[in-house]
Amino acid sequence: MSTEISKQEEFVLRTLEERNIRFVRLWFTDVLGFLKSVAIAPAELENAFAEGIGFDGSAIEGFARVTESDMLAKPDPATFSILPWRTEAPGAARMFCDIVMPDGTPSPADPRNVLRRTLEKAAIMGYTCYTHPEIEFFLFKEKPETGKAPVPVDQGGYFDHTPAVVGHDFRRQAITLLEAMGISVEFSHHEGAPGQQEIDLRYADALSTADNIMTFRHVIKEVAMDQGFHASFMPKPFTDHPGSGMHTHVSLFKGEENAFYDPNAELNLSAVGRSFIAGLLKHAPEITAITNQWVNSYKRLHGGGEAPAFANWGPSDRAALVRVPMYKPKKENSTRIEFRSPDTACNPYLAYAVMLAAGLKGVEEGYELKDSKDPISLPSDLNEAIAEMEKSELVRQTLGEHVFEYVLRNKRAEWQDYRRQVSAYELDRYLPVL
């Protein structure tokens, strides 16, 4: 155990005592991206730092078979934060956990570890990966009933700010809580569809960003419940309105220098930046089952509304899969790329792992970036995405055998369940006339 980690642990233990925190929630994420939590007393935390907290991994989606179910959750003191919506005494706090096996080795099923492995590969190549997500979601007046269409909280549009639009008050409370937890917010506004919101997080290293996204989704749902609304990260809840994406800005740094920046190149985009984009474009179809993991995700990708349906790139095409933002040309730290296919219902650890792995593969192999005259199509549905992923050595290596095989099994089952359902469309169209 390093001195730095020991100091972080000491800070956590001291803060618990000083702030009268009596509930410490240990968070981790299953393979599908759902947040899990176990609460422990402060007196147990020192032991949890040293040895972890045991749990039954077979009960967690995608973690283990019954015969190999013993696992340990080890809290990461660097992620400690007090839960600001728990205002009544005594207080509560949370930390993210790394999942390890009884012998202390990282669990092959831990999504956080999957991303960490990719970032370690980037570090060996000399790079630090920074990410900045634009997170879209919907606010509904209440939790939709089965079979009934959801009712948005307003009829606002892009950047609308009127008394009839309730989203700005919602966003203000959510941002206040996020910043109280140490998560910096850059922008927020009403998005294009009724009830649709966007909040953009400030850039951070990719692992911190993934932790922040998991926290973000929980905070948004907490605030929605508090205000009597229902928040949803479903990619495409309305047929006739745009879906919710999670466009992610990415940059690679070598020390203090932006590896994507070249002042003399077109778009100020360096050879490294161009090869990174080429990697994303080449491997986009095979990583789509991870960045867009639900049946509904493909209604967004191929439903218009500036969602990317093809593996193309450009500086100004807002329907492109990869865009090169030009808000501040000639400014080194602003040079980045924007990857536009992920939706807000992905597992951010796995999505960022495959996204970065694809880009780094392009850098490693020196892929050449070409014009997007005849781009390949992204998978049109989950079944096509599964077939592309199944053939991918890149995704298999990035996720590890355990997660790779579990995702394939789970997504095949989802597709089979979906394809046998009789939809409202079929009943409305065919029942009256056939």
Side-chain angles (χ1 to χ4, degrees), residues 23 25 27 29 32-37 39 81-94 133-201 212-246 294 296 299-300 305 343-346 348 424:
F23 298 93
R25 304 196 184 281
W27 287 2
T29 306
L32 297 179
F34 291 104
L35 191 63
K36 302 296 178 180
S37 176
S81 182
I82 294 171
L83 300 181
W85 60 88
R86 297 297 186 193
T87 53
E88 72 280 3
R94 74 94 165 97
E134 303 175 356
I135 309 177
E136 297 173 345
F137 59 95
F138 279 88
L139 279 183
F140 302 126
K141 288 186 177 179
E142 57 191 5
K143 190 171 185 178
E145 296 179 28
T146 303
K148 292 188 177 180
V151 180
V153 295
D154 58 48
Q155 293 299 312
Y158 188 67
F159 269 37
D160 274 1
H161 187 92
T162 66
V165 175
V166 302
H168 41 257
D169 287 333
F170 173 91
R171 295 191 302 272
R172 181 177 60 191
Q173 184 178 344
I175 290 167
T176 299
L177 294 180
L178 288 167
E179 293 189 334
M181 297 185 72
I183 299 174
S184 297
V185 171
E186 195 166 59
F187 301 113
S188 70
H189 58 86
H190 198 288
E191 250 301 332
Q196 191 179 32
Q197 320 295 320
E198 177 177 314
I199 298 177
D200 301 356
L201 304 186
N212 290 345
I213 291 167
M214 294 304 302
T215 304
F216 178 97
R217 295 201 301 218
H218 186 72
V219 168
I220 292 300
K221 288 183 176 288
E222 286 276 355
V223 175
M225 288 176 60
D226 183 60
Q227 295 192 8
F229 302 139
H230 177 72
S232 176
F233 295 94
M234 181 178 176
K236 180 81 168 171
F238 297 111
T239 300
D240 298 323
H241 295 295
S244 291
M246 190 174 72
W294 306 104
N296 181 253
K299 306 291 175 72
R300 168 186 164 253
D343 58 48
T344 51
C346 70

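On a predicted model such as this, the values are computed, not experimentally measured, just so you know.
Scanning for salt bridge (Lys or Arg N to Asp or Glu O under 4.0 Å) contacts around Glu179 gives an empty result, with sequence neighbours left out. Take Ser184 and apply the side-chain contact (heavy atoms from CB on, under 4.5 Å) test, not counting sequence neighbours, and it matches Arg202. For Ala92, the side-chain contact (heavy atoms from CB on, under 4.5 Å) partners are Phe23, Leu83, Arg86, not counting sequence neighbours. Residues passing the side-chain contact (heavy atoms from CB on, under 4.5 Å) test with Lys143 are His230, sequence neighbours excluded. Listed by chain and residue number, nothing satisfies the side chain to side chain donor-acceptor pair (under 3.5 Å) test with Thr29 (two or more places apart in sequence, or in another chain).
The two residues Leu201 and Asn212 make their nearest non-hydrogen contact at CD1-CB, 3.9 Å. Pairing each heavy atom of Met246 with each of Ile135, the nearest pair is CG-CG1, 4.2 Å. Contact record, Pro152 with Pro194: CB-O, 3.5 Å, taken as the closest heavy-atom pair. Scanning both residues, Glu198 and Glu134, for their nearest heavy atoms gives OE2-CB, 3.6 Å. Between Ser188 and Ile175, the closest heavy-atom pair is OG-CD1, 3.4 Å.
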Walk me through it: do Ile199 and Phe187 pass the test side chain to side chain contact (heavy atoms under 4.5 Å, CB included)? CA-CA 6 Å; Ile199 298 177; Phe187 301 113; over 6 Å; no
Passes side chain to side chain contact (heavy atoms under 4.5 Å, CB included), Met181 versus Arg94? Steps please. CA-CA 10 Å; Met181 297 185 72; Arg94 74 94 165 97; 4.0 Å; yes
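The distance from atom CG of Asp343 to atom CG of Asn296, rounded to the nearest 0.5 Å, is 8.0 Å. Considering CZ of Arg172 and CG of Leu177, their distance stands at 12.0 Å, rounded to 0.5 Å. Distance check: Lys36 NZ to Arg25 CZ gives 15.0 Å after rounding to the nearest 0.5 Å.
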Report, one line per pair, each donor and acceptor closer than 3.5 Å where one atom sits in a side chain of residues 217-226; sequence neighbours left out.
residue: Arg217; atom: NH1; partner: Thr344; partner atom: O; Å: 2.7
residue: Arg217; atom: NH1; partner: Cys346; partner atom: O; Å: 2.8
residue: Arg217; atom: NH2; partner: Gly33; partner atom: O; Å: 2.9
residue: Arg217; atom: NH2; partner: Cys346; partner atom: O; Å: 3.4
residue: His218; atom: NE2; partner: Glu222; partner atom: OE2; Å: 3.3
residue: Lys221; atom: NZ; partner: Ala231; partner atom: O; Å: 2.9
residue: Asp226; atom: OD2; partner: Gln173; partner atom: NE2; Å: 3.1

Atom pairs and distances, side-chain donor-acceptor, residues 232-244, under 3.5 Å, sequence neighbours left out:
residue: Ser232; atom: OG; partner: Met234; partner atom: N; Å: 3.1
residue: Lys236; atom: NZ; partner: His241; partner atom: O; Å: 2.5
residue: Ser244; atom: OG; partner: Gln196; partner atom: NE2; Å: 3.2

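In this structure, the side chains of Gln197 and Arg171 come closer than 4.5 Å at one or more pairs of heavy atoms. Residues Glu142 and Val151 fail the side-chain proximity criterion, which asks for heavy atoms closer than 4.5 Å.
Using modelled atom types, one side-chain atom of Asp154 and one backbone atom of Gly195 make a donor-acceptor pair closer than 3.5 Å. In terms of modelled atom types and a separation under 3.5 Å, the side chain of Trp294 and the main chain of Ala345 share a donor-acceptor contact.
Using a 30° and 60° split on the angle between ring planes, Phe170 and Phe137 fall in the tilted class, from 30° to 60°.
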